[in-house]
Chemist: 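The structure that follows is given in the form of structure tokens.
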Amino acid sequence: MLEGKKVAFIGAGSMAESIFAGLISEQLLDAENIIVTNKSNHEKLQRLHSQYGVSITTSHKEAMEKAEVIVLAMKPKHIEESAHTLKEHLHDQHLLISVLAGVSTSYMEQLFGGNPAIIRTMPNTSAKVGASATVICAGQYATEDHIQMARALFSAVGAVSILHESEIDRITGISGSGPAYMYYFVEAMEEAAAEAGLPEEESKELIIQTLAGAAKRLRSSEKTPKELYQEVMSPNGTTEAAFRVLEENNVAAHFKDAMKASMKRAAELGSSPES
Ligand SMILES: NC(=O)C1=CN([C@@H]2O[C@H](COP(=O)(O)OP(=O)(O)OC[C@H]3O[C@@H](n4cnc5c(N)ncnc54)[C@H](OP(=O)(O)O)[C@@H]3O)[C@@H](O)[C@H]2O)C=CC1
Ligand SMILES: O=C(O)[C@@H]1CCC=N1
């Protein structure tokens, strides 16, 4: 569906880079069909050009004129100023794909004016290795073809689910921010290994393999997470000792509170993107 099309990224931060790096390595698009622009960090654009071979420009007008698919990848607080510049170059053939947390399609439709085709998405940075968990929903002017185009783009960099827009803020606290939670736990595991005097490289590898193995098991087993962790626990053994500490410290409750805070922040970004 994206054959022969050019895709412009407005915003060149970690999310944009994760997506276009994934699109290139998964061979959905050639680097020269990807145009990247940002606000003012020219060194960053140069680095992205050298590293990936993507086309870069400091002109948002040029990006809009060359591409049919426009990925909005700036911070939510910058959507208003950005839409102000982009809207004069927007035409009927453009598809706008937003990755912005919290920002609704109706708000973007209002900013761009007219009847812009907008697909709102919530990917995550695992797009860089073709393993994002992306959620998409359509604005009122997006057609089935637009949905399929966005689905094709994000399918190249991971799994895609279609959700109702009212669910996207909540899922942001689960799968959008999700990779960060996993890295945080891995960091704690690495620190515990180091504090116990274990060799760094070997511990790191064992932790990653443990995480990958648990993810594989979750995917392939019919068992619930509780059944799976109970399987690890020998009576009065090491895991039980660890879980006693987790439960004494209410870790699951605190972790759930953290995800609720992320969901709440997504809703706040939507009601007041400039915050
Ligand atoms: N990081 C993540 O894991 C995820 C992020 N998102 C969403 O992706 C978006 C980007 O996040 P992230 O990549 O982390 O942010 P970054 O801060 O890393 O990048 C933001 C980018 O936007 C550019 N920018 C700022 N203002 C404008 C403007 N007016 N016009 C064009 N470009 C502009 C910046 O350019 P310059 O450097 O020149 O100022 C920078 O390249 C956010 O809306 C976020 O909600 C969604 C899912 C996951
Ligand atoms: O932290 C953020 O706001 C973005 C949205 C989801 C993940 N990162």
Side-chain angles (χ1 to χ4, degrees), residues 2-86 89-90 94-103 119 121-134 150 152-158 172 175-184 186-187 190 200-201 204 208 269 273:
L2 288 157
E3 217 168 293
K5 295 221 180 327
K6 289 193 191 297
V7 177
F9 286 80
I10 315 292
S14 40
M15 196 60 241
E17 182 176 351
S18 298
I19 299 170
F20 68 68
L23 292 173
I24 297 165
S25 69
E26 301 299 318
Q27 300 181 343
L28 186 76
L29 288 174
D30 293 332
E32 62 264 29
N33 287 329
I34 294 174
I35 304 158
V36 183
T37 188
N38 60 6
K39 186 171 186 180
S40 53
N41 189 343
H42 300 169
E43 277 170 26
K44 175 79 183 275
L45 290 184
Q46 281 300 339
R47 197 267 288 166
L48 295 172
H49 173 66
S50 312
Q51 190 171 339
Y52 300 101
V54 291
S55 307
I56 53 170
T57 177
T58 55
S59 159
H60 295 186
K61 175 174 184 278
E62 185 188 335
M64 293 291 285
E65 283 174 357
K66 286 192 170 157
E68 295 88 354
V69 178
I70 310 295
V71 181
L72 302 170
M74 69 292 299
K75 290 279 184 205
K77 67 180 174 190
H78 293 132
I79 183 62
E80 199 174 331
E81 66 177 58
S82 186
H84 185 71
T85 319
L86 300 176
H89 312 295
L90 188 69
H94 275 132
L95 166 61
L96 297 172
I97 298 182
S98 163
V99 302
L100 279 59
V103 182
I119 301 286
T121 72
M122 181 42 59
N124 68 36
T125 51
S126 302
K128 194 163 190 173
V129 290
S132 174
T134 305
L153 193 140
F154 285 99
S155 293
V157 292
T172 298
S175 58
S177 300
Y181 311 145
M182 304 300 150
Y183 301 139
Y184 181 76
V186 168
E187 181 183 63
E190 286 182 357
E200 190 182 327
E201 280 314 305
K204 207 173 152 189
I208 295 170
L269 289 170

Chemist: How many angstroms lie between atom CZ of F9 and atom CE of M74, to the nearest 0.5 angstrom?
Modeler: 12.0 Å

Chemist: Contact between V54 and I35 at the side-chain level, heavy atoms closer than 4.5 Å - yes or no?
Modeler: no

Chemist: Using 0.5 Å steps for rounding, measure from the CG atom of L96 to the CD1 atom of I10.
Modeler: 9.0 Å

Chemist: Checking F20 against V157 for the side chain to side chain contact (heavy atoms under 4.5 Å, CB included) test, could you report, in this order, the C-alpha distance in whole Å, the side-chain angles of both residues, the deciding distance, and whether it holds?
Modeler: CA-CA 9 Å; F20 68 68; V157 292; over 6 Å; no

Chemist: How would you list, by chain and number, every residue that makes a salt bridge (Lys or Arg N to Asp or Glu O under 4.0 Å) with K44, sequence neighbours excluded?
Modeler: none

Chemist: Using distance only, find each side-chain donor-acceptor pair of residues 23-33 under 3.5 Å and give its atom names and separation, not counting sequence neighbours.
Modeler:
residue, atom, partner, partner atom, Å
S25, OG, A21, O, 3.3
S25, OG, G22, O, 3.4
N33, OD1, K6, NZ, 3.0

Chemist: Are the side chain of S59 and the backbone of E62 linked by a donor-acceptor contact shorter than 3.5 Å?
Modeler: yes

Chemist: For G11 and A16, work out which heavy atoms get closest and say how close.
Modeler: O-CB, 3.2 Å

Chemist: Would R47 and E43 pass as an ion pair if we require N to O under 4.0 Å?
Modeler: no

Chemist: Is it true that K204 and E200 make a salt bridge, defined as a side-chain N closer than 4.0 Å to a carboxylate O?
Modeler: no

Chemist: Heavy atoms, side chains only, cut-off 4.5 Å: are L2 and V69 in contact?
Modeler: yes

Chemist: Are the side chain of T37 and the backbone N or O of T57 linked by a donor-acceptor pair below 3.5 Å?
Modeler: yes

Chemist: How many angstroms lie between CG in L72 and NE2 in H78, if you round to the nearest 0.5 Å?
Modeler: 14.0 Å

Chemist: To the nearest 0.5 Å, what is the distance between CD1 (I19) and CD1 (I97)?
Modeler: 8.5 Å

Chemist: Can any side-chain N or O of S132 pair as donor or acceptor with the backbone N or O of N124 at less than 3.5 Å?
Modeler: yes

Chemist: Taking all non-hydrogen atoms of both residues into account, name the closest pair between I119 and A150 and its distance.
Modeler: CG2-CB, 3.7 Å

Chemist: To the closest 0.5 Å, what do you measure between CE (M15) and CG (L100)?
Modeler: 11.5 Å

Chemist: Could you go step by step and tell me if Q51 and E17 meet the side chain to side chain contact (heavy atoms under 4.5 Å, CB included) rule?
Modeler: CA-CA 11 Å; Q51 190 171 339; E17 182 176 351; 4.2 Å; yes

Chemist: For the side chain of H94 and the backbone of M64, is there at least one donor-acceptor N/O pair under 3.5 Å apart?
Modeler: yes

Chemist: With rounding to the nearest 0.5 Å, note down the distance linking OG1 in T58 to NZ in K39.
Modeler: 14.0 Å

Chemist: I would like to know whether N38 and V36 meet side chain to side chain contact (heavy atoms under 4.5 Å, CB included); could you show each step before the answer?
Modeler: CA-CA 7 Å; N38 60 6; V36 183; over 6 Å; no

